[in-house]
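Below: one structure, written as structure tokens.
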Amino acid sequence: MVDHFITFDVVDSADTRAKLSHIAHEVTHLFWITLQARADEEANIAVNKTRLLNVLTTLKSSTSSRLIHVMVQTGTKHYMGPINDPVRSTQFICHEPPFHENMPRLPHPNFYYTLEDVLESYEPSLTYSVHRSSIIIGLPFRYPGTRYTWEHFCDMTDAGVLAQQHVWAAVTPKAKNQAFNCTNSDVFVWKSVWKLLSKLFDVELICGI
């Protein structure tokens, strides 16, 4: 049983294979909560698809593979489009909230869509669940968002609640091959809340935009 961190370059297929192949027979569930952010959405798609494929290929190619379920963490960008893309963020069309899991994909490149397509390509050899959270709270943070998120309504996802949803989906047959939103349902505007947080923790007001 692995009880320590394994360090490797997940973009490098050879390094991924070298570091993970010897534990492929032990891994039954994969919790994919990592990403790399690049300059634009096409670059995001390329690097994040490669990363997930490298790990899945290594874990599934073993003749003794036990991998049966993959949980992928995405978010509300699924419904809002590439809000961090320097060009498309000024042009995109998004769904109106409240967001529902069965809403159709938007007509924009989105690496979240690509990750879901990768998972579907492995059916029926494994099942999966997609977890679309809002902004995740639970750790100290400074405001990381854009002017759009600073000025528009937003909601949040408690890290503990999200973790419980991941575990539930991992062991619940009815949750297989589905996507789940996960938010606290409280709506606010960051430019108001950030001032309150700064006063609460007695820190300098930094909006980060």
Side-chain angles (χ1 to χ4, degrees), residues 31-38 40-41 44-45 48 70-116 119 128-170 172 174-175 177-209:
F31 293 80
W32 191 260
I33 56 174
T34 179
L35 63 86
Q36 277 193 15
R38 297 294 174 90
D40 56 54
E41 201 60 21
N44 284 336
I45 289 171
N48 287 287
V70 181
M71 281 69 57
V72 168
Q73 178 67 56
T74 62
T76 50
K77 196 175 79 169
H78 184 96
Y79 310 107
M80 299 173 65
I83 59 175
N84 297 315
D85 187 293
V87 176
R88 289 192 172 86
S89 61
T90 63
Q91 306 169 346
F92 64 79
I93 302 170
C94 63
H95 287 299
E96 291 293 327
F99 301 136
H100 302 287
E101 292 90 343
N102 59 354
M103 284 178 165
R105 292 182 176 183
L106 298 169
H108 313 290
N110 191 324
F111 84 86
Y112 288 171
Y113 301 163
T114 302
L115 295 183
E116 292 189 17
L119 294 177
Y128 64 88
S129 54
V130 179
H131 302 264
R132 301 171 186 157
S133 71
S134 186
I135 297 172
I136 302 172
I137 58 174
L139 295 173
F141 57 92
R142 61 172 291 169
Y143 185 69
T146 64
R147 181 164 296 280
Y148 179 90
T149 58
W150 179 254
E151 296 176 345
H152 290 75
F153 284 113
C154 188
D155 57 9
M156 277 192 167
T157 301
D158 180 86
V161 174
L162 181 60
Q164 291 178 35
Q165 188 190 72
H166 273 263
V167 173
W168 167 80
T172 304
K174 291 183 179 181
N177 305 332
Q178 297 189 60
F180 302 95
N181 293 340
C182 185
T183 68
N184 296 352
S185 299
D186 39 359
V187 180
F188 61 94
V189 178
W190 268 114
K191 62 184 178 181
S192 298
V193 171
W194 206 250
K195 297 177 182 178
L196 297 177
L197 292 175
S198 298
K199 291 180 180 178
L200 177 64
F201 295 107
D202 192 24
V203 294
E204 180 184 0
L205 176 62
I206 301 176
C207 67
I209 57 176

Distance-only, no hydrogens or angles: does the [X] side chain make a donor-acceptor pair with backbone N or O of [Y] under 3.5 Å?
X    : Y    : result
D155 : D186 : no
R132 : E101 : yes
T183 : S134 : no
N48  : Q36  : yes
N110 : K77  : yes

Say you draw a straight line from [atom1] of [X] to [atom2] of [Y]; how long is it, rounded to the nearest 0.5 Å?
X    : Y    : atom1 : atom2 : value
C94  : M103 : SG    : CE    : 10.0 Å
I33  : T74  : CD1   : OG1   : 12.5 Å
T114 : I45  : OG1   : CD1   : 4.0 Å
H166 : C182 : NE2   : SG    : 8.0 Å
E96  : Y79  : CD    : OH    : 14.5 Å
T172 : Q165 : OG1   : CD    : 10.5 Å

Taking all heavy atoms of [X] and all of [Y], pick out the closest pair and write down the distance.
X    : Y    : result
A169 : A175 : CA-CB, 3.8 Å
F111 : E41  : N-OE2, 2.9 Å
H78  : Y113 : O-OH, 2.8 Å
Y112 : G75  : CE1-N, 3.3 Å
M71  : S129 : CG-OG, 3.2 Å
V189 : W150 : CG1-O, 3.6 Å

Start with the C-alpha gap between V72 and E116, add the side-chain angles, then the distance that decides, and say whether side-chain contact (heavy atoms from CB on, under 4.5 Å) holds. CA-CA 8 Å; V72 168; E116 292 189 17; over 6 Å; no
Mind running side-chain contact (heavy atoms from CB on, under 4.5 Å) on H100 and H95 for me, showing each step along the way? CA-CA 10 Å; H100 302 287; H95 287 299; over 6 Å; no
Taking atom types as modelled, is there a side-chain donor on H131 or S133 under 3.5 Å from an acceptor on the other?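 There is no such pair (donor and acceptor under 3.5 Å, judged by atom type) between the side chains of H131 and S133.
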